[in-house]
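Comments concern the structure below.
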Amino acid sequence: METDEKHDVMMRTVHTFVMRAGRMTDAQRRDYETLSAKWCVPYKTEMLDFSALFGNDNPVTVEIGFGMGKATAIIASENPNKNYLGIEVHTPGVGKLLGDIQALGLQNIRIVEHDAMDVLKYMIPDSSVDAFHIFFPDPWPKKKHHKRRLVQRPRTQFFAEKLKKGGYLYMVTDWLPYAEFALDELVATDGLVNRFEGFAPHQEWRPETKFEHKGKNAERVISELIFERK
């Protein structure tokens, strides 16, 4: 009971993001206004039916915090037989991804513009997700902000509960202290097992983004983690 109460308090009161006041370009604003009704899923406190949402029973990957959506669009375009649900609170990024969906003629992406933890709790059924992608989440480097990190217990327990058996969580970060912290938290999460010994090797199928390129230019280590649902 104590663990459940801690879990609920953390979910209700501690956000893993800050709302950035980024300026939308004219193109992003236009795409957001004209395409969001088609590809964005309104946040509701009711479980999604993925088969109805995508019109098929293909595997579903949930990406949390897709930023400007470059990697999301590329991966979805290269895997038309998989479905992708992107969760993001940054409106310019949503607008950019909507434009890419239109330009590339993609049919396998949907977007929820809301706090990911609320979406996981109220919209994603247990044992329904084939993969979680978490690419370069905010590392919250200051110790007083560590409680905001996305990949930590009890939040990681949600990922385990939502994954199908054999499904995986794939995290990438350029902040080594966060990578080491996340590794420990995932190892300690019931239901998850590391696919590798320690960090995962680089996954060649994942596209490099401008953010990752900046991290490499700053000589930061890119760390990857892949854990599976037992």
Within a strict 4.5 Å, meaning less than it, do heavy atoms of the Leu97 and Asp31 side chains meet? no
How far apart are the closest heavy atoms of Ile226 and Ala200, and which atoms are they? CG1-CB, 4.0 Å
Compare all side-chain heavy atoms of Ile111 with those of Val41 and state whether any distance is below 4.5 angstrom. no
salt_bridge(Glu212, Arg206) N-O dist < 4.0 Å: yes
Side chain to side chain, His90 and Met68, heavy atoms closer than 4.5 Å: yes
If hydrophobic clusters are built by linking Ile, Leu, Val, Met, Phe, Trp and Tyr wherever their side-chain heavy atoms come under 4.5 Å apart, do Phe199 and Val187 end up in the same one? yes
Spell out, as yes or no, whether a donor-acceptor pair under 3.5 Å connects the side chain of Glu113 to the backbone of Ile87. no
Could you check whether any side-chain N or O of Arg110 sits under 3.5 Å from a backbone N or O of Lys38, counting only pairs where one atom can act as donor and the other as acceptor? no
One pair to check against side-chain contact (heavy atoms from CB on, under 4.5 Å): Cys40 and Val112. What are the steps and the verdict? CA-CA 6 Å; Cys40 289; Val112 180; over 6 Å; no
Would you indicate whether the side-chain heavy atoms of Ile222 and His202 approach each other to under 4.5 Å? no
About how many Å separate NZ of Lys165 and OG of Ser127, when rounded to the nearest 0.5 Å? 8.0 Å
Would Met123 and Met47 show up in the same hydrophobic cluster when neighbours are defined by side-chain heavy atoms closer than 4.5 Å? no
When you compare the side chain of Gln28 with that of Val94, does any pair of heavy atoms fall below 4.5 Å? no
Should Leu225 and Leu186 be marked as a side-chain contact (heavy atoms from CB on, under 4.5 Å) after you check the CA-CA gap, both sets of side-chain angles, and the distance that decides it? CA-CA 9 Å; Leu225 291 164; Leu186 289 167; 4.1 Å; yes
Ion pair Asp126/Lys162, N-O distance below 4.0 Å: yes
Step by step, would you call Val119 with Ile124 a side-chain contact (heavy atoms from CB on, under 4.5 Å)? CA-CA 7 Å; Val119 176; Ile124 307 300; 4.2 Å; yes
Could you measure the distance from the CZ atom of Phe227 to the CE atom of Met171? Nearest 0.5 Å is fine. 10.5 Å
Closest approach of Glu208 to His213 (non-hydrogen atoms, all atoms of both residues): OE2-ND1, 3.3 Å
Going from CD on Glu161 to OG1 on Thr156, what distance comes out if it is rounded to the nearest 0.5 angstrom? 9.5 Å
Mark yes or no for whether Glu224, through its side chain, and Gln203, through its backbone, hold a donor-acceptor pair below 3.5 Å. yes
Is any side-chain heavy atom of Val151 less than 4.5 Å from a side-chain heavy atom of Tyr178? yes
Would you call the rings of Tyr43 and Tyr122 parallel, tilted or perpendicular if under 30° counts as parallel and over 60° as perpendicular? perpendicular
Judged by atom type as modelled, is there a donor-acceptor pair below 3.5 Å linking the side chain of Glu228 to the main-chain atoms of Gly166? no
Between Phe136 and Val221, is there a shared hydrophobic cluster once you connect ILVMFWY residues whose side-chain heavy atoms come closer than 4.5 Å? no
Polar side-chain atom of Glu180 near backbone of Pro177 as donor-acceptor pair, under 3.5 Å: no
Before you tell me yes or no, could you show the steps for Phe135 and Tyr170 under ring-ring contact (aromatic ring centres under 6.0 Å, His included), namely the whole-Å CA-CA distance, both residues' side-chain angles and the distance that decides it to 0.1 Å? CA-CA 8 Å; Phe135 299 156; Tyr170 178 25; 5.3 Å; yes
Taking every heavy atom of Ile74 against every heavy atom of Ser77, the minimum-distance pair comes out as O-OG, 2.7 Å
I would like to know whether Leu98 and Ser36 meet side-chain contact (heavy atoms from CB on, under 4.5 Å); could you show each step before the answer? CA-CA 7 Å; Leu98 286 168; Ser36 58; 4.0 Å; yes
Is the shortest side-chain N to carboxylate O distance from Asp26 to Arg29 below 4.0 Å? yes
Nearest 0.5 Å, what's the OG1-CG distance between Thr173 and Leu150? 11.0 Å
Would you say that Leu120 contacts Phe132 through its side chain, given a criterion of any heavy-atom pair below 4.5 Å between the two side chains? yes
Taking every heavy atom of Thr189 against every heavy atom of Ala160, the minimum-distance pair comes out as CG2-CB, 4.3 Å
Within this structure, what is the CZ-CG distance for the pair Phe50 and Asp130, rounded to the nearest 0.5 Å? 9.0 Å
Please check if the side chain of Asp49 supplies one atom and the backbone of Ala52 the other of a donor-acceptor pair under 3.5 Å. yes
Compare every heavy atom of Gln152 with every heavy atom of Arg149, then report the nearest pair and how far apart it is. O-NE2, 2.9 Å
Describe, in one word, how the ring planes of His133 and Trp205 are oriented to each other, choosing from parallel (under 30°), tilted (30 to 60°) and perpendicular (over 60°). tilted
Determine, for Lys96 against Asp100, whether the closest basic-nitrogen to carboxylate-oxygen distance falls under 4.0 angstrom. yes
Closest heavy-atom contact between Asn108 and Phe54? O-CE2, 3.8 Å
Would you say the side-chain atoms of Asn79 pair up with the backbone N or O of Asn81, donor to acceptor, closer than 3.5 Å? no
Rounded to the nearest 0.5 angstrom, the CZ-CG distance for Arg229 and Leu169 is 12.5 Å
Side chain proximity check, Phe159 to Ile64, heavy atoms < 4.5 angstrom: yes
Report, as yes or no, whether the 6.0 Å neighbourhood of atom NZ on Lys164 holds more than 12 heavy atoms from other residues, nucleotides or ligands. yes
Do you reckon Phe158 sits in the same ILVMFWY cluster as Val193, going by side-chain contacts under 4.5 Å, direct or chained? no
